Amino acid sequence: MLNLRLLLFSVAFLSPILQIKGDDFKEEMFIKPLPPSHLYVYFQFLTLANGEESFEHSHLAPRSLGEIVSRYQVEELHLTLTEGQWKHNTWGYPVLDAAPGAELYAWFAPDVVDVDTQWKKLSSTLSGLFCASLNFIENMNTVSPKMALWPTGAYSKSHQNITSQLRYASLPREIVCTENLTPWKKLLPCESSHGFSSLLNSRMIHNTNYHSIGVHIRRMCSGSNCLDTSLEIKQTVALVYDFKILNTMDWSLRKLFGQGLPGACPLSSSSRIYVDITSNSSYPFKLLPEPNSIMFSHRGGSKTELAVYEINHSNMMNIGAKYEMRNKIFVNIPPPLTFNRYVLGYGKEFGGIVTELSNNYWAPIDVVLLENAPWWLPIQLSTLRINGEAESKLIMSQYYSPGRSRQKPYHLELLLKLPPKSTTTVTIDFEFVFLKWQEYPPDANHGFYVGSALLSANLPTAKNYTSLPITGSTFDSIVNASKPWYPIVFRTNGGMVSLPTPDFSMPYNVICLACTVVALAFGPLNNICTKEVVLKIIVVPVSLRQKIFNIFKKKKD
Amino acid sequence: MNLIPKYLVACLGRYWLIHTDYWQTISNRVEVATPLNSWKRLIEGVYLYDHGINPYEGDSFHESPIMLILFHFLLKKVPYLLPVIFVLLDALTAHILYKASKSFIRIFKESQESGKGQIAEDSITMLVTESQLDEVPIYVLSMYLFNPYSFLNCAGMTTTVIQNLLLAVSLWGAASGHRALACVFIALATHQALYPILLVVPISILLANVNQGCNKCSYIRTLLGFVLCWGFCIFISAFIMDGSYDYIYNTYGFILTVPDLKPNIGLFWYFFTEMFEHFRLLFVCAFQINALALYVVPLTLRFHKEPVLLATVLIALSTIFRSYPCVGDVGFYLALLPLWKHLFSFMQQKFIVGCAFLITSALGPTVWHLWIYSGSANANFFFGVTLSFATAQIFLITDLLFAHIKREFTLKNGSSRQVDGKPAKLVLR
């Protein structure tokens, strides 16, 4: 016990020294009630590594990640492992959106020539690091988006042709669980013993409607002239609790995580909890204990109120909210851009994917839609229809790269101008593919997951917008951060199709039968070609009695 | 004989079928459309080409670049005329088959006349009479015009319509002694679907027989002509694709390696769906050799005196054993069968084969619906139907050849089936 205390003290004393050396660690938590039924909790753990490039020594930044970045010359990396589907229509927008399953995209340094090999190596290494099946990322499910994604950090040196260094892949079938969370927590300076990360108890957080863990690495400018860059490693957790599962609308950290907050991580330079109390006006609740301060933010026409708690290093605390009024009818105002995606058709021969994009704003919104269909879902570009029209004026730019079976996915990107107050429907047809029997996953009739489409937009309004500004790292950067537009990348919901299956128990039978039919042709043709026709005397068949009689006859002889 | 009403009825029937609501269904049927010839993929390929995307970069288009250019032109200039064009092309095929069968009959008559000396006395009555022979081209024509298989093929607007035309022209060219015509068209057909390469053999024999003279020189000339034309097709296609030969991977490569396992009426799809991965290459080679090379030499040696029969059998065998067969191919070789009307009396399995054709043609769509749409059957059902369809076709072809051999024997040795006064039967030894 004494040892531990000593260690803690020494760490507490050392932390300023570490900061002098460069590395900086901050932990933040953002809680936003999503009335009437959900609660959004978002953690972010920021590590700013100012150390050397090669990561031979690291201080607070995880060395394992640093080594990956320096070895594979990664400029920017985003990895999320998600379970559940974010409901943009009712919950508004998350701080960072993530596709269901695993999603990985990265930019490599401009001097990387063989990006595909590096990409394969990177995904395999991350697969080991996070115990996720990222090793299934191959050329056949990787695309390099041309318009939909852009780097959020300072992309070094040359600025031309960034997209050729970008690779994007998502694995919608990936199931996210404890074995991914444990290695993820190990990357934090305090691991899960102190600070906010001690709340991340897998028993509680996997009991949510939506949970997503992520690692986002980017380069940040060190000075104002951006001659030097430092590495920012952001680890995030997004959780959506359902009040129905909690059985009450009153929430507290103890209810959500099974325990109170045992203070801040001693290595962190700042530990803050932000609670979005904007919904307090329509759905009043009382925060306990009282927040240290309240921030008001005017951003892009929307007002946000944030209650801020400064967490210090010592005492155990519990933050909670008590709702005052119950059974109030809540009017949900949809965010400016909503979308929906579904699969059309019946039977297992032909189908279509529909993406509905609704612009609820009074001005047109430009969006980039990236359809990334796996090779076993061959989409036909000639069947692309926007609101039922083949040649639509809404398409401002288009990129299509046809897929190839077992090698390359189908990749379609559309730059659309969504007219105000309208719904745009993008339809494209596909044909079901018949796979080889060994290519079907176990439980083939479960269906095949179709990944989410990416939708990146520059929103003209910050309504429902919670993302940090591109230059900001911490939540205080959203205060009064009005911009002409607010960039965001959404993931639509994924889909599921049921491919036709062969009979898996039949290989030998089928091989035998098909070969028999071939032999049926070969035999007679062989006879016809090699033999000649002759007349042969028909021998009258002898009866059984005669046969027996003959035997005796022979014996007599 | 007035043929105009036949053409008219067949054309109108086809045209009507294209303009009904069933057109979409027909052109999407697995029996009619394969990844090679389907109208949908043609449209997709032309669309991609039109938008500056190389259609051979992906997996959606497998026709030859010549067809791509042709249909790009047609779809740009006269999209509304396409149904008419398809119908007219099919009628033209029928007409050329009619012409070709007339030439074939002429050749047949000549060979029958010249062989008269070796015929046994009691078999003289078996010789085919003039009037019987004159009917044959009309049967061929009707068989092509009113065969439901070619009807559906044309209504589905598949590129097999063009394939059939090319084959018909090359047969006609060979039968009437136009070497250049035969070579050019067989090269075009080979360029489109690869399997017609088999027909080079009967065509060169036919040409040598028709243009009497030095046989070997004729063979060499035909072969040379074919190779040159084919090479030119390959080159011109590469020229269309801006000098890139990548399209070969998507046309010949696609035909040979069978990457798309969508069901069709052939034997490949389920076999290679269920194949163990490490044996795949072996069996792909074995099946392709079976379709492309195995039967050419022995059949040629056996039937070199009957190039037309050889051509019929080779077309039929390559249809049965090709990687992506469709009913249009079946309809084409069925149209050639009336040429062998005089063999029908020697065939033993006519009834069985006929029933099998009828039953499988009705069962195929049924079990397909059960499997794909209602989910109450599985792949084995459809596989069973395609297997029996292939078996029926094989029986038909082997029966035809047996009938030919029997007739030959009977003509030579008389129709009595007795050896030394004892009853005897024909057997192969």
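The chains referred to below are lettered A, B, ... by the order of the sequence lines, with proteins before strands, and numbering in each begins at 1. Hydrogens, waters and symmetry mates are skipped; everything else that's a heavy atom, side chains included, is used. Computed from a predicted structure; not experimentally measured.
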Decide yes or no on side-chain contact (heavy atoms from CB on, under 4.5 Å) for B:R280 and A:K436, but give the supporting numbers first. CA-CA 11 Å; B:R280 198 179 145 81; A:K436 297 173 192 163; 3.6 Å; yes

Report yes or no: does B:R302 contribute a side-chain atom to a donor-acceptor pair with the main-chain N or O of A:I528 at less than 3.5 Å? yes

Between B:E408 and chain A, with a heavy-atom cut-off of 4.5 Å, which part of the residue counts as in contact: side chain, backbone, both or neither? neither

For B:L387 and A:L513 the tightest heavy-atom approach is CD1-CB, 3.7 Å

With a strict 4.5 Å heavy-atom criterion, list every residue of residues 366-373 of chain B that contacts chain A, or say none. B:W368, B:W371, B:I372, B:Y373

B:R417 vs A:L535 side-chain heavy atoms within contact, under 4.5 Å: yes

Indicate yes or no: at least one non-hydrogen side-chain atom of B:E277 is less than 4.5 angstrom from one of A:Q438. yes

Measuring heavy-atom distances to chain A, does B:I397 have an atom under 4.5 Å in its side chain, in its backbone, in both, or in neither? neither

Chain A interface, residue from B:F395, B:F321, B:F303, B:Y270 that has the most non-hydrogen pairs under 4.5 Å: B:Y270

Taking side chain as C-beta onward, heavy atoms only, is A:V534 less than 4.5 Å from B:V427? yes

Tell me, side chain or backbone of B:S416 under 4.5 Å from chain A's heavy atoms, or both, or neither? backbone

Within residues 24-35 of chain B, contacts to chain A at heavy-atom distances under 4.5 Å involve B:N28, B:V30

Are A:I511 and B:F279 close enough that some pair of their side-chain heavy atoms sits under 4.5 Å apart? no

Do you know which of B:A286, B:S374, B:P259 has the most heavy-atom pairs under 4.5 Å to chain A? B:P259

Most heavy-atom pairs under 4.5 Å with chain A, out of B:P298, B:P423, B:S388, belong to B:P423

Side chains of A:T530 and B:L428, heavy atoms from C-beta outward: is any pair under 4.5 Å? no

Exceeds 12 heavy-atom contacts within 6.0 angstrom, atom CZ of A:F136: no

B:T273 OG1 to A:L435 CG distance, which is reported to the nearest 0.5 Å: 9.0 Å

Specify which of B:G375, B:G45, B:A379, B:P263 makes the most heavy-atom pairs with chain A at under 4.5 Å. B:P263

Between A:S401, A:G403, A:G523, which has the largest tally of heavy atom pairs under 4.5 Å with chain B? A:G403

Contact summary for A:V518 and B:Y295, nearest pair of heavy atoms: O-OH, 4.1 Å

If we ignore hydrogens and angles and just use 3.5 Å, is the side chain of A:R404 paired with the main-chain N or O of B:Y56 as donor and acceptor? yes

Engaged part of A:E431 at the chain B interface, taking heavy atoms whose separation is under 4.5 Å: side chain

Are A:L381 and B:I53 close enough that some pair of their side-chain heavy atoms sits under 4.5 Å apart? yes

Say you draw a straight line from CG of A:N509 to CD of B:E274; how long is it, rounded to the nearest 0.5 Å? 8.5 Å

A:T516 vs B:T391, side-chain contact (heavy atoms from CB on, under 4.5 Å): CA-CA, chis, key distance, verdict: CA-CA 10 Å; A:T516 307; B:T391 314; over 6 Å; no

What verdict does the side-chain contact (heavy atoms from CB on, under 4.5 Å) test give for B:K262 and A:E349, after you've listed the backbone C-alpha separation in whole Å, the side-chain angles of each residue and the deciding distance to 0.1 Å? CA-CA 10 Å; B:K262 178 147 199 195; A:E349 206 175 357; 4.0 Å; yes

Toward chain A, the part of B:L294 with a non-hydrogen atom under 4.5 Å: side chain

What part of A:Y508 is in contact with chain B, defined as an atom under 4.5 angstrom from a non-hydrogen atom: side chain, backbone, both or neither? side chain

Please state whether the side chain, the backbone, both or neither of B:L301 comes within less than 4.5 Å of a heavy atom of chain A. neither

Please state whether the side chain, the backbone, both or neither of A:I379 comes within less than 4.5 Å of a heavy atom of chain B. backbone

Parallel, tilted or perpendicular: which fits the ring planes of A:W437 and B:F276, with parallel below 30° and perpendicular above 60°? perpendicular

Could you go through A:Y400 and B:L48, starting from their C-alpha distance and side-chain angles, then the distance that decides it, and tell me whether this counts as side-chain contact (heavy atoms from CB on, under 4.5 Å)? CA-CA 9 Å; A:Y400 180 68; B:L48 291 180; 3.6 Å; yes

State whether the side chain of B:D59 and the backbone N or O of A:S405 hold a donor-acceptor pair below 3.5 Å, judged by distance alone. yes

Flag the pair A:C515 / B:F283 as yes when at least one side-chain heavy-atom distance between them is below 4.5 Å, and no otherwise. yes

Over 12 foreign heavy atoms within 6.0 Å of CD, A:Q407: yes

Let me confirm one number: the NE2-CG distance from B:H51 to A:L384, rounded to the nearest 0.5 Å. 9.0 Å

Is B:F383 in contact with chain A via its backbone, its side chain, both, or neither, using a 4.5 Å heavy-atom distance? side chain

Checking heavy atoms, do the side chain of B:H404, its backbone, both or neither come under 4.5 Å from chain A? neither

Side chain, backbone, both or neither: which part of A:P502 has a non-hydrogen atom closer than 4.5 Å to chain B? both

Is it the side chain or the backbone of A:K536 that comes within 4.5 Å of chain B heavy atoms, both, or neither? both

B:E44 side chain vs A:S382 backbone, donor-acceptor pair below 3.5 Å: yes

Mind ranking B:N380, B:I405, B:V46 by heavy-atom pairs under 4.5 Å with chain A and telling me who comes out on top? B:N380

Option in B:Q393, B:Q418, B:E57 with maximal non-hydrogen atom pairs under 4.5 Å from chain A: B:E57

Looking only at heavy atoms and a cut-off of under 4.5 Å, which of A:L525, A:L520, A:D429 has the most pairs with chain B? A:L525

For residues A:P402 and B:N54, report the shortest heavy-atom separation together with the two atoms involved. CG-O, 4.4 Å

When you look at OH of B:Y249, are more than 12 heavy atoms from neighbouring residues, nucleotides or ligands closer to it than 6.0 Å? no

